[in-house]
Each structure stands twice: as structure tokens, then as C-alpha cells.
Amino acid sequence: MFSVRDNKTFNTPRIHSKSFMEFLKAIEEKWQGKWEKAKIFEADPDPKKPKYFITVAYPYPNSPQHIGHGRTYTLADVHARYMRMRGYNVLLPMAFHYTGTPVLAMAKRLADNDKNLIHDFIKVYKIPEEKLKELTDPMAMAWHFHQEIKTGMKEIGYSIDWRREFTTIDPHYNRFIEWQFQKLRQAGYISRGSHPVGWCPKDGNPVGQHDTVGDVEPEIAEFTLIKFKQNNLAFPTATLRPETIFGVTNIWLNPNTKYVKATVDDEQWIVSKECVEKLTHLNRKVKVLETFEGKKLVGHYVENPATKTKIPILPADFVDPKNATGVVMSVPGHAPYDYVALENLGKTPSQLKEYGLTPETIESVKPISLIEVPGYSEIPAADAVKKMNIKEQTDPKLEEATKEVYRHEFHNGKMKPNTGKYSGLSVNEAKEKVKQDLIAEGKATTMYELLNRPVLCRCKTECIVKIVQDQWFIDYGKQEWKALAHKNLDEMEILPEELRSEFNNVIDWLHEKACARKSGMGTRLPWDKNWIIESLSDSTIYMAYYTIVKHIKEHKLQPAQLTDEVFDYVFLGIGKATEIAKKAKLDAKIIEEMHSEFMYFYPLDSRHSGRDLVPNHLTFMIFNHTAIFPEKLWPRQIATNGSVMMEGAKMSKSFGNIIPLREGVAKFGADPIRLSVLSTAELLQDAEFSPAIAKSMRERLERIYKFTSEVAKSSGNAKTSQNLLTAIDRWMLSRLQEHIRKATEAMDKLAVRKTINSVLYMLEQDFQWYQKRIAPQKEKRKNTIECVYRRVLDAQTRMLTPVAPHLCEELWEMMSGKGFVSLASWPTADESMLNTEVEENEALVKDVLEDTLNIIKATGMTPKKIYYYTACPWKWKVYLKMLEKASHGEVKMSEVMKELVAEDDLKKNVKEVANFAQKTLKEVNRMPQDRRERVLKMKALEEKAAIEDAKDFLKQRLKAQIMVYSEEDSQRYDPKNRSILSMPFKPAIYIE
RNA sequence: GCGGGGGUCGCCGAGCAUGGCCAAAGGCGCAGGCUUCAGGAGCCUGUCCUGUAGAGGUUCGUGGGUUCAAAUCCCACCCCCCGCACCA
């Protein structure tokens with residue numbers, strides 16, 4: 001970094017970090033106030049300007065936003081600010097998503113005095129304790145966080161048009177959603193049916209991952225219940241492997257838990273007591289007739305419905321009454337649990353007696369082999385059990401053994417001849433067939449159960465599966481709809497592009513999505529008011545609503561006035577405005593205004609969100625747009641970003657490592673926070689945040705501020721005559737163009753990290769080099785140098801504005817720019833200032849310095865005098881000739897020499913020429929073509945002049961006297977005859 | 001299982017889509033020096049190995065291959081992260 005202290009001409013008052021923080025606070029307030037007053041972010045249709053419409057997924061007001069959220073919003077804001085500087089009429093609006101149950105649930109937890117929640121509210125969210133009571137009202141809570149989030153967005157400086165703010169429970173918005181759903185229904189995309197869901201019987205609500213203790217996703221599987229019969233009494237054994245029915249040797253019941261005899265629909269079943277409630281939730285009619293312990297039935301016989309053999313009921317401790325029916329069929333040949341349980345039983349005759357079983361009964365139960373698997377014996381279960389050395393049926397290793405056997409049998413197993421018509425089928429095929437056949441014959445039925453149970457609801461109740469009846473779905477499974485979604489995606493820009501394939505997959509996977517629930521806030525389904533549209537379904541096309549909400553507010557329209565016909569006209573141009581207006585009792589002009597504003601801003605140019613919304617919200621947005629709007633109004637771009645890591649762990653409430661955004665802004669400043677969340681990672685990756693990063697960003701800004709204010713203070717003129725510019729000035733300006741080009745290219749792809757890198761680091765590096773280089777001439781050329789400074793700072797300030805708008809406004813004002821830098825134009829690279837020659841010359845100086853330092857390092861000497869000898873003209877001639885040849889194919893020594901010798905001036909010293917050509921050959925051949933071309937275009941470099949020009953600088957750096965000669969200079973001092981070693985781009989060096 | 005992303009010099013992290021000034025940017029850390037009343041900060045130098053002349057050697061998950069040339073292209077394998085829904 002440049003040192004202010006080095007600039008003796010400047011007399012800087014030192015700003016301490018603390019006071020710089022105060023300074024930041026002051027300018028944040030100052031500029032936010034000015035922006036608001038000047039209404040510069042309020043965008044209205046302007047036919048003279050191209051528009052750019054950006055939206056970000058609106059926040060959910062159940063907690064303050066933290067720095068992690070800040071990344072997504074900041075990125076969108078940076079995008080908006082950039083496009084504004086590129087001359088677009090940019091609209092960036094914001095709203096709040098009240099829909100759903102979480103706020104309700106949280107308010108309830110607060111009312112119930114949930115300790116963890118209260119702790120978070122007070123300690124993390126810094127909510128005064130006396131306010132908590134107020135927040136037990138869900139609306140008050142939502143409103144509180146809504147305001148909290150909004151204030152945070154203002155404090156960090158987002159360029160939002162707040163006139164368009166709304167919430168998703170505003171009655172006007174409800175009307176809009178009703179219209180949307182009518183449209184979906186008319187298009188045939190709404191369906192109805194029954195659907196199994198994870199369910200908390202206490203709360204009476206579906207549970208998803210976020211509703212469970214430990215955030216586990218309830219995994220629902222369909223078990224086959226095979227009915228083993230004792231006369232008319234059915235023992236429905238629950239299994240995931242119905243094909244093994246041919247190997248069933250017995251039935252297991254847990255002897256020490258409660259079972260019931262019950263009427264289930266039209267049959268009599270034996271199931272565990274716990275199973276009853278589950279069956280009820282699965283919509284079966286259950287009536288319990290009798291309750292008893294499992295041991296009561298041990299020793300009874302039942303009939304295998306597939307083989308008609310009579311098999312005994314035996315006791316087993318591993319049987320979990322809470323899993324499915326609590327009745328289990330035993331396949332000891334292929335199920336490790338059954339195998340071990342049977343062995344255990346055989347070894348405990350005393351226990352047998354207790355259940356009235358004889359050793360002979362057990363003896364007669366032999367494993368049956370029905371699947372053939374390569375690499376296993378007749379009895380795979382036995383193999384696995386032996387391999388893992390499992391002795392007890394309670395051994396947790398049994399879980400793994402089961403999986404192993406299943407994996408092998410499923411992929412490589414074949415049904416044996418004793419499986420009747422399934423003989424020869426793969427297990428994979430037989431499984432489904434057997435199941436279907438048994439069900440068709442009435443010998444089996446199915447039951448949903450959680451695979452990963454126990455799953456506990458946040459309220460600590462164990463979850464079960466419920467079949468929700470007559471659930472409403474949006475049917476994303478429709479092929480013709482998928483085709484439209486693909487079409488939209490194909491035409492859309494996806495940032496980062498890597499995620500496109502994920503979108504493609506999601507579009508293919510999606511099927512019916514339950515779109516309404518019985519509880520929560522939101523909009524009621526217009527045709528079935530018992531249902532409330534859930535949050536992922538009422539947030540798919542609301543970007544359109546931003547374009548009209550301004551008018552709704554302005555004209556104080558009533559929800560009832562927003563009829564479906566009004567929306568049809570506004571969004572789809574259907575009907576006649578005057579007629580519709582009359583019917584809706586509003587002014588036709590208003591409808592026209594809304595329509596034209598919508599048509600001006602739509603389609604959506606860019607949609608921003610976290611990448612976690614790819615498989616749901618973002619894809620739903622695509623689908624819904626294609627269902628409702630004509631193709632030319634489909635979204636144009638999706639930009640997603642990864643999350644923010646806090647010291648290595650994902651920042652999230654459940655980890656308790658969040659920093660609320662407002663706190664971060666207060667502590668480190670708005671611009672440093674903006675910079676921090678965008679500079680450490682590119683879109684796809686997770687970004688790392690830490691106070692240290694924010695602090696170092698702030699310090700960097702502080703240095704820029706200090707430096708700029710010094711330059712601004714000086715009388716320096718922004719203009720200087722071209723012919724006063726020296727090589728190094730031209731070099732700086734040339735480099736500047738390159739950095740502008742790179743930063744712009746990166747911004748166009750929203751590679752903000754790269755932009756910041758160019759503007760803040762790469763440009764800065766060159767700028768520092770420039771300052772070092774001109775240091776010896778500073779006084780003499782003050783005016784010109786300051787002019788270069790100003791040019792660099794002007795471009796840097798503009799390019800930094802989208803990420804650090806507050807500081808940049810301040811810098812801009814200091815440098816006496818006109819108006820707001822937020823509205824200034826983004827710099828464009830001036831091709832005419834690109835200068836390869838000065839860049840090559842400067843590279844030469846750098847190389848020379850580096851080589852010299854390397855020699856000093858290797859020899860350990862302290863130089864007094866350093867001599868440089870630049871290559872003589874004939875070497876350059878040979879070099880360029882060889883380059884020329886090399887650009888047409890590989891150069892061969894013999895060929896080159898032939899040509900070279902033909903030249904009169906080279907003929908004289910053939911030996912030296914050959915020697916030099918030999919040395920150059922490799923370099924010339926391996927040089928990349930674009931560089932060859934560049935060098936050939938420049939011809940020979942004025943090396944001597946270039947080094948001569950940097951003499952003062954080298955002297956200062958190397959603390960030695962510098963002499964520069966041309967190789968052929970007759971006056972040269974060259975005791976060791978080093979000069980002969982000189983090559984183009986590589987002067988010879990002699991150090992004394 | 002299906003799908004997506006990724007493995008780089010102590011750490012973080014560029015570069016790889018357009019192979020070649022790549023021993024590989026930058027930051028952090030570490031070591032030495034300077035500046036400073038001090039704290040912080042700043043500045044300079046070094047930080048894979050070897051080397052008393054600008055050099056050489058070995059590196060970019062593992063193993064192959066393509067090429068005059070591979071961190072970069074191709075193939076196989078190993079390892080890590082994320083998503084799979086009814087919920088924001």
C-alpha cells in the first residue's frame with residue numbers, strides 16, 4: 001500500500017480507525033439522506049431510457065436479517081447500481097413475505113416461554129425484554145422484524161425504490177394471488193389428490209425438515225403389509241422386501257409390548273398398540289376390540305399366504321412396536337436380524353419354556369434360501385452375521401449387515417426355483433412384482449411409515465405419516481408445461497452458468513407440489529376457502545406486482561376493485577380498458593397506467609436469490625411465468641450466490657453464529673460490510689466472513705480515502721497537455737485501461753469478486769508501482785503526476801461505487817465531481833491509451849530489477865556500481881527474424897542460419913550470430929503466438945533509453961550507482977566482458 | 001441412490017472455458033530490517049529445495065494418456081461439500 005507519510009508534499013492529519021469509523025457513520029447518514037431526498041432510486045417508466053428490472057427474493061420477517069442474507073441483497077444492489085451507471089433506468093423494489101406458518105409458530109413458542117427462543121431474541125437479536133410480550137402476537141412479531149430488516153437495508157445503502165413495498169398478506173396482494181391461481185387452474189395446472197406427509201399428531205400440522213428436532217427430513221417409505229392369516233384374523237407383517245415371502249419361516253412379535261386386535265376397515269387385524277393411531281391417520285377405519293401383551297400369541301400358528309405353509313409366531317426383542325405394524329415376518333436366510341434372533345432363541349431354553357415353546361419347535365425352523373447371490377453362500381444372512389461377528393439381536397451392527405446383504409441381493413441377486421413364477425427374476429424386478437401380485441390377490445396392502453424414525457417435531461412429539469386427503473397441487477409434472485419451462489431456461493442467462501444443468505434437472509424432476517395448507521398466513525384458495533396458499537406457491541410471479549403496486553397505493557384502490565378482469569387487462573392486455581374499468585368502478589386511466597408501467601418494466605431482467613432456492617422457488621418462478629405470461633415477458637436472467645460462512649461454519653440461526661446485519665454495519669461500516677460479503681468468493685462458492693476481513697476492508701477504504709483527499713486538496717489540474725506525459729505516465733494510463741476493461745468484463749458476469757480484485761488490488765498494485773517510479777521526479781513534475789493521479793482515482797472511484805457507494809460519493813464530492821457518483825457513468829476503456837511499447841519497456845525495467853536482486857541474493861554481495869549492457873542492433877535483427885519465422889512454424893537452426901548468413905551486415909561475424917541464434921532458438925520456438933505478434937509489431941525496443949529513464953529509480957532501489965551502456969558502446973566499462981551475454985529483453989549485468 | 005459443485009506451494013485463495021514469460025497473483029501467518037515517544041499501522045526483504053552472477057531441480061487429489069509443451073485438454077480412480085420438496 002502506498003504510504004501517506006512518503007508523500008512529503010502532503011500534510012495529512014492522521015485519522016485513527018476509531019474516528020474513521022465515526023467518519024463512515026457520518027457519511028453513510030449524509031448520503032443516504034441525500035439519496036432519499038433526491039429520490040434518485042425511484043424509477044418510473046421513461047421511454048427515452050432502456051429499463052432494467054432487478055428483483056431479489058423478498059425476506060421472511062421472522063428474524064432480523066444477518067450478514068449471510070446480506071450477501072444476496074448486496075449483490076442485487078451492486079448489480080442494480082452497476083446497471084444504473086451503465087445508463088439503464090433501473091428498478092430495484094422490495095417487499096416482505098409474511099406467508100406461512102413460521103411466524104405463527106415462533107409467536108406461539110414465545111408465548112410458551114421457550115427458553116432458547118427467548119435467549120436468541122434477547123442476546124442475539126438484542127430485543128429489549130419488555131418488548132417480548134408484545135411479540136407473542138404474530139402480526140406484531142412480523143411487523144417488528146419487517147421494520148428491522150427494512151431499516152437494515154437502508155442502513156447498508158441499498159438503492160431500493162421503497163414506494164413499491166408491500167407484504168404478502170395485503171388484501172390487494174391476495175387479490176393478485178387469487179388471480180394467479182385462477183389462471184393456473186384455467187390452464188389445467190391445478191390438480192387434487194391424496195398425499196402422504198410427515199405429520200405431528202400433537203400440532204396437527206405437516207412437518208418438514210425445519211420443523212423437526214435436529215432438522216431431519218422425514219423420509220417416507222411405503223411398506224408392504226403381507227397378511228398372514230389365522231383363520232379370519234390377519235397378521236399384517238410390514239416389510240420393505242415382499243419378495244422374501246417365500247423364505248418366511250415364522251412371525252415375530254415383541255412379547256413384552258402391547259398389541260391389539262382391531263377391526264381395520266372390513267378385516268380383523270393384530271397390530272401393535274402404537275400402530276392404531278397411525279392407521280387412523282392413513283385414513284383407515286380402526287376399532288380396537290381387545291388389548292394384550294405380545295407373548296399371549298407366541299406359539300400360535302399362521303398361514304403364509306404365498307406358500308400356504310403353517311408357521312409359528314415367535315418372540316423377539318428387536319421388534320419395535322413403534323415401527324409400522326409391530327408385526328414382522330421372519331426370513332432368517334436373508335435377513336440378519338431374523339437369523340440372529342432365531343439363534344438367540346435356540347440358545348435359551350428357559351425362555352422357551354416361559355412362552356410354552358418346545359426346543360423342537362425352534363429346531364424345526366430352518367432358514368430357507370430363496371435368492372442366489374454371487375459371493376455368498378446359501379444363507380447370506382449367516383455370512384454377514386459371521387463376518388461382522390454379531391451375537392445379539394440388539395447389536396447395532398445388524399443395521400449395517402442388513403444393508404450390506406440387501407445391497408448385494410438387490411443388485412446381483414436372482415430368485416431361486418422355490419419362488420414359483422418369480423424364479424429367475426432379479427430381486428430388483430421380483431420385489432415390485434410380488435408386491436403388486438399380493439395386493440391384487442388381496443393378500444397384502446400397503447402402509448406409509450417413516451424410514452428414519454424416530455423423527456421428533458420441535459414440540460418433542462414423535463412424528464408419523466399422514467395421508468392428507470383432497471390436497472391441492474400445482475402439477476409441475478405436466479410434460480407440456482415442462483417443455484415451456486425448458487424453453488424459458490434455454491433462452492435465459494444463468495449466473496453462474498454452472499448451475500444451468502441443475503435447473504434442467506429440477507425441471508425434469510418436479511411433479512405435483514402441494515400448494516395449500518390448512519394453517520398459516522396467506523391467501524385463501526379462491527375456489528376452496530378452506531385452504532391457504534403456501535409460501536412457495538404465492539411467490540412465483542409477484543415481480544409483476546411491483547410494477548403496479550405504486551398505482552394501487554397512489555390511487556388508494558380497494559381490493560375489490562382489482563377484479564380478475566382488471567388483472568387480465570393490466571398483465572395480459574385482455575379486454576377493453578373502459579369496459580373493465582366501469583365494471584370495477586375505477587378510472588380507466590389508472591388501468592392504462594398500470595398496464596403501460598407493467599409493459600415498460602416487464603420482462604424481469606434479473607432475478608437474484610441464494611442458490612438454495614434453485615430446486616424450488618427459482619424453478620417455480622420459471623414454470624409459473626411460462627404458464628401465465630406470453631413468451632416475450634418471461635424472465636431473462638437468474639443470478640444466484642452461495643451462503644456466507646462464519647469462521648468456517650455456515651452462518652445460520654441454528655448454529656448460533658449469526659451477526660445481524662445491522663450490528664455488522666454499526667460495527668464495521670456499511671461499505672466495509674458490502675465489500676466483505678462480495679470480495680471473498682465468486683457467486684458459486686460460499687463466502688467467508690470474519691470480523692478480521694471486515695476490518696481489513698475498512699482499513700483499505702481508509703487508505704484510499706486518505707490518499708484521495710490529499711490529491712483532492714492539492715491544486716493539481718485534472719488536465720495536462722499530452723506532450724508532458726512521460727513514458728511512465730503513459731504506462732500508468734495504459735494499465736488503467738486494461739483494468740477498466742477487466743473490471744467491466746467481470747461485472748457483466750456479476751463476477752464481483754473479480755471486479756473488486758481488479759479495481760482494488762490489481763489497479764492498486766500498478767498504481768503503487770507508479771508512485772514508486774515517479775517518486776524521484778515528484779517535485780519536478782508535480783502537475784503532470786497529479787493529473788495522472790486524478791485520472792486513476794476518477795476511474796477507481798466510479799468502479800468502486802456499486803460496492804462502496806457511501807465512500808465513493810464522498811470521494812466524488814471531494815474531487816469535485818458533479819452530482820451523485822451513483823448516477824455517474826461507468827468508465828470505459830480508452831483503446832487509444834493502450835500502449836504496448838511503454839508496457840514492454842516497463843516490464844523490462846521490472847525484469848532488470850528482479851534479475852539484479854537475484855544476483856545480489858545468490859552472490860551475497862553488496863553492490864556499489866551496477867552496469868547494464870543492452871543488446872546491440874544486430875542481435876535484435878536476428879531475434880526478430882527468428883520470431884518472424886517461428887510464427888510460421890517451428891524454426892530449425894540450419895534453415896535460420898542459411899537466411900541469416902545471406903544478410904550482408906551479419907556475414908561479418910557468423911560465429912557470434914550462430915552462437916546467439918542457438919541460444920535464442922528455444923525461446924523463440926516456445927513463445928506464445930500472441931506475444932510473438934506483439935513483439936514483431938513493436939520491432940526493437942529502445943532498451944537503453946528505457947533503463948536510462950528508470951536510472952534514478954533503480955539507483956534508489958538498489959542503493960548503488962547505475963551505468964547503462966549499449967553492448968557496442970566503445971566507451972563502455974566492461975572488465976569481465978559481460979556485455980556479450982546481452983540479449984533482447986535481457987540486458988547483461990555486471991555488478992561491482 | 002439420483003443430481004450439482006469442488007480438491008492448487010503452512011492456511012485462505014486466484015489461475016484452469018482461450019495449454020506456453022506459472023515456482024504459479026493476492027491476503028494471512030512466519031522471519032529479518034526500517035519508521036514510530038508508545039500502541040496500532042506503515043514501508044522494505046525473505047518464506048518449495050539447491051545455488052558466491054541473473055540458474056537448475058521437484059510441485060498444483062491419485063494413476064494413466066494427448067502434445068514440442070499440462071495446474072490448465074482427455075480417461076479412470078480416490079476424497080470433501082451441497083440439494084432431493086410440501087417447508088421458508
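Order of the sequence lines fixes the chain letters, A, B, ..., with proteins taken first and strands second; residue numbering starts at 1 for each chain.
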Asker: Can you tell me if K772(A) touches the phosphate of C44(B), counting only side-chain N or O atoms and a distance under 4.0 Å to OP1 or OP2?
Answerer: yes

Asker: Spell out, as yes or no, whether a donor-acceptor pair under 3.5 Å connects the side chain of S537(A) to the backbone of I533(A).
Answerer: no

Asker: Is T852(A) close enough to G54(B) that one of its side-chain N or O atoms is under 4.0 Å from OP1 or OP2 there?
Answerer: no

Asker: In B/S/- notation, 5' to 3', how is nucleotides 23-31 of chain B contacted by protein heavy atoms closer than 4.0 Å?
Answerer: ---S-----

Asker: Looking only at side chains, do S982(A) and E967(A) share a donor and an acceptor under 3.5 Å apart?
Answerer: yes

Asker: Which part of the nucleic acid does I856(A) contact within heavy-atom distance under 4.0 Å: base, sugar-phosphate only, or nothing?
Answerer: nothing

Asker: Taking only the C1' atom of each, what is the distance from G7(B) to C21(B) in whole angstrom?
Answerer: 28 Å

Asker: Using both distances under 3.5 Å as the test, list the Watson-Crick or G-U wobble partner of C22(B), or none.
Answerer: none

Asker: For F181(A), what residues pass the ring-ring contact (aromatic ring centres under 6.0 Å, His included) criterion, not counting sequence neighbours?
Answerer: none

Asker: When all nucleic acid strands are considered with a 4.0 Å heavy-atom cut-off, which category describes E850(A): base, sugar-phosphate, or nothing?
Answerer: nothing

Asker: Once you round it to whole Å, what is the distance between C1' of G1(B) and NZ of K431(A)?
Answerer: 12 Å

Asker: Tell which nucleotide pairs with U52(B), taking only Watson-Crick or G-U wobble pairs whose two distances are both under 3.5 angstrom.
Answerer: none

Asker: Quick check with a 6.0 Å cut-off and a 45 degree axis cone: is R978(A) positioned over the face of Y868(A)'s six-membered ring?
Answerer: no

Asker: Considering only atom P, compute the distance from G5(B) to A55(B) and round it to an integer number of Å.
Answerer: 41 Å

Asker: Let me confirm one number: the CG-CD1 distance from L184(A) to I177(A), rounded to the nearest 0.5 Å.
Answerer: 9.5 Å

Asker: For the residue pair Y60(A) and H97(A), does the interplanar ring angle fall in the parallel (under 30°), tilted (30 to 60°) or perpendicular (over 60°) class?
Answerer: perpendicular

Asker: Quote, to the nearest angstrom, the C1' distance that separates U35(B) from C44(B).
Answerer: 11 Å

Asker: Report the distance from atom CG of D475(A) to atom C1' of A85(B), rounded to the nearest whole Å.
Answerer: 15 Å

Asker: Starting at OH of Y476(A) and ending at C1' of C86(B), how long is that distance when rounded to a whole Å?
Answerer: 11 Å

Asker: Apply salt bridge (charged side-chain N to carboxylate O under 4.0 Å, His left out) to residues R698(A) and E702(A) and explain how you reach the verdict.
Answerer: CA-CA 6 Å; R698(A) 188 175 61 204; E702(A) 182 177 353; 5.9 Å; no

Asker: I want to verify the glycosidic state of A25(B); is it syn or anti under the 90° rule?
Answerer: anti

Asker: When you compare C80(B) with A88(B), how far apart are their P atoms, in angstrom units rounded to a whole number?
Answerer: 33 Å

Asker: Between K986(A) and A53(B), is there a contact of a side-chain N or O with OP1 or OP2 at under 4.0 Å?
Answerer: no

Asker: Taking the P atom of each, how far is U58(B) from G64(B), in whole Å?
Answerer: 16 Å

Asker: Can you tell me how far P of C2(B) sits from NE2 of H511(A), to the nearest Å?
Answerer: 19 Å

Asker: Using a heavy-atom cut-off of 4.0 Å across all strands, would you classify N505(A) as base, sugar-phosphate, or nothing?
Answerer: sugar-phosphate

Asker: Which whole-number value in Å describes the distance from L499(A) CG to G83(B) P?
Answerer: 14 Å

Asker: Which of these nucleotides, A88(B), G54(B), U52(B), is closest to any side-chain atom of T859(A)?
Answerer: U52(B)

Asker: Compute whether any side-chain donor of one residue and acceptor of the other, for N624(A) and Y476(A), lie under 3.5 angstrom apart.
Answerer: yes

Asker: Hunt down the Watson-Crick or G-U wobble partner of G10(B), both distances under 3.5 Å, from any strand shown, or write none.
Answerer: C28(B)

Asker: Provide, to the nearest angstrom, the distance between the CG atom belonging to D612(A) and the P atom belonging to G5(B).
Answerer: 17 Å

Asker: With a 4.0 Å cut-off, would you call R735(A) and E738(A) a salt bridge?
Answerer: no

Asker: Heavy atoms only, 4.0 Å cut-off, all strands: where does K754(A) land among base, sugar-phosphate and nothing?
Answerer: sugar-phosphate

Asker: From the list A88(B), G83(B), A55(B), which nucleotide is the closest neighbour of the side chain of W509(A)?
Answerer: G83(B)

Asker: Does one side chain, of S979(A) or D974(A), offer a donor that lies under 3.5 Å from an acceptor on the other?
Answerer: yes

Asker: If I take atom CD1 in residue I494(A) and atom P in nucleotide A17(B), what distance separates them, rounded to the nearest angstrom?
Answerer: 23 Å

Asker: Taking for each residue the nucleotide of RNA chain B bearing the nearest heavy atom, is the 5' side occupied by P987(A) or by H617(A)?
Answerer: P987(A)

Asker: Between G19(B) and C68(B), how many Å separate the two P atoms, rounded to a whole number?
Answerer: 15 Å

Asker: For A71(B) versus A17(B), give the span between their C1' atoms, rounded off to a whole number of Å.
Answerer: 15 Å

Asker: Paired with C73(B): which nucleotide, if any, by Watson-Crick or G-U wobble criteria at under 3.5 Å for both distances?
Answerer: G65(B)

Asker: Less than 4.5 Å apart, any side-chain heavy atom of L450(A) and any of I464(A)?
Answerer: no

Asker: What is the base-pairing partner of C60(B), counting Watson-Crick and G-U wobble geometry with both distances under 3.5 Å?
Answerer: none

Asker: Distance criterion of 3.5 Å, no angle test: do you see the side chain of H97(A) paired donor-to-acceptor with the base of A88(B)?
Answerer: no

Asker: Between the protein and nucleotides 46-51 of chain B, list every N/O to N/O distance that falls short of 3.5 Å.
Answerer:
| residue | atom | partner | partner atom | Å |
| --- | --- | --- | --- | --- |
| G51(B) | O6 | K857(A) | NZ | 3.1 |

Asker: Please tell me which of A988(A) and E840(A) maps to the more 5' nucleotide of RNA chain B, matching each residue to the nucleotide holding its nearest heavy atom.
Answerer: E840(A)

Asker: Looking only at the side chain of A514(A) (C-beta and beyond, no hydrogens), which of the listed nucleotides A88(B), G4(B), C86(B) gets closest?
Answerer: C86(B)

Asker: Assign Y990(A) to base, sugar-phosphate, or nothing according to its heavy-atom contacts below 4.0 angstrom with the strands shown.
Answerer: base

Asker: Please name the nucleotide paired to C84(B) by Watson-Crick or G-U wobble geometry with both distances under 3.5 Å, or report none.
Answerer: G1(B)

Asker: Between C86(B), G42(B), G4(B), which nucleotide gets closest to the side-chain atoms of S501(A)?
Answerer: G4(B)

Asker: Using a cut-off of 4.0 Å on non-hydrogen atoms, how would the nucleic acid contact of A843(A) be classed: base, sugar-phosphate, or nothing?
Answerer: nothing

Asker: Can you check the M697(A) CE to C12(B) C1' distance for me, whole Å?
Answerer: 12 Å

Asker: To check you understand the geometry: which heavy-atom pair defines the closest contact between S609(A) and A57(A), and what is its length?
Answerer: CB-CB, 4.0 Å

Asker: Please confirm whether the ring centroid of F767(A) lies under 6.0 Å from the ring centroid of F707(A).
Answerer: yes

Asker: Which nucleotide in the set G54(B), G83(B), C86(B) lies at the smallest distance from any side-chain heavy atom of P615(A)?
Answerer: G83(B)

Asker: Out of G54(B), A88(B), A85(B), which nucleotide sits closest to the side chain of E534(A)?
Answerer: A88(B)

Asker: Taking a pair as Watson-Crick or G-U wobble with both distances under 3.5 Å, which nucleotide is matched to C34(B)?
Answerer: G42(B)

Asker: Between I532(A) and L525(A), is there a side-chain heavy-atom distance shorter than 4.5 Å?
Answerer: no

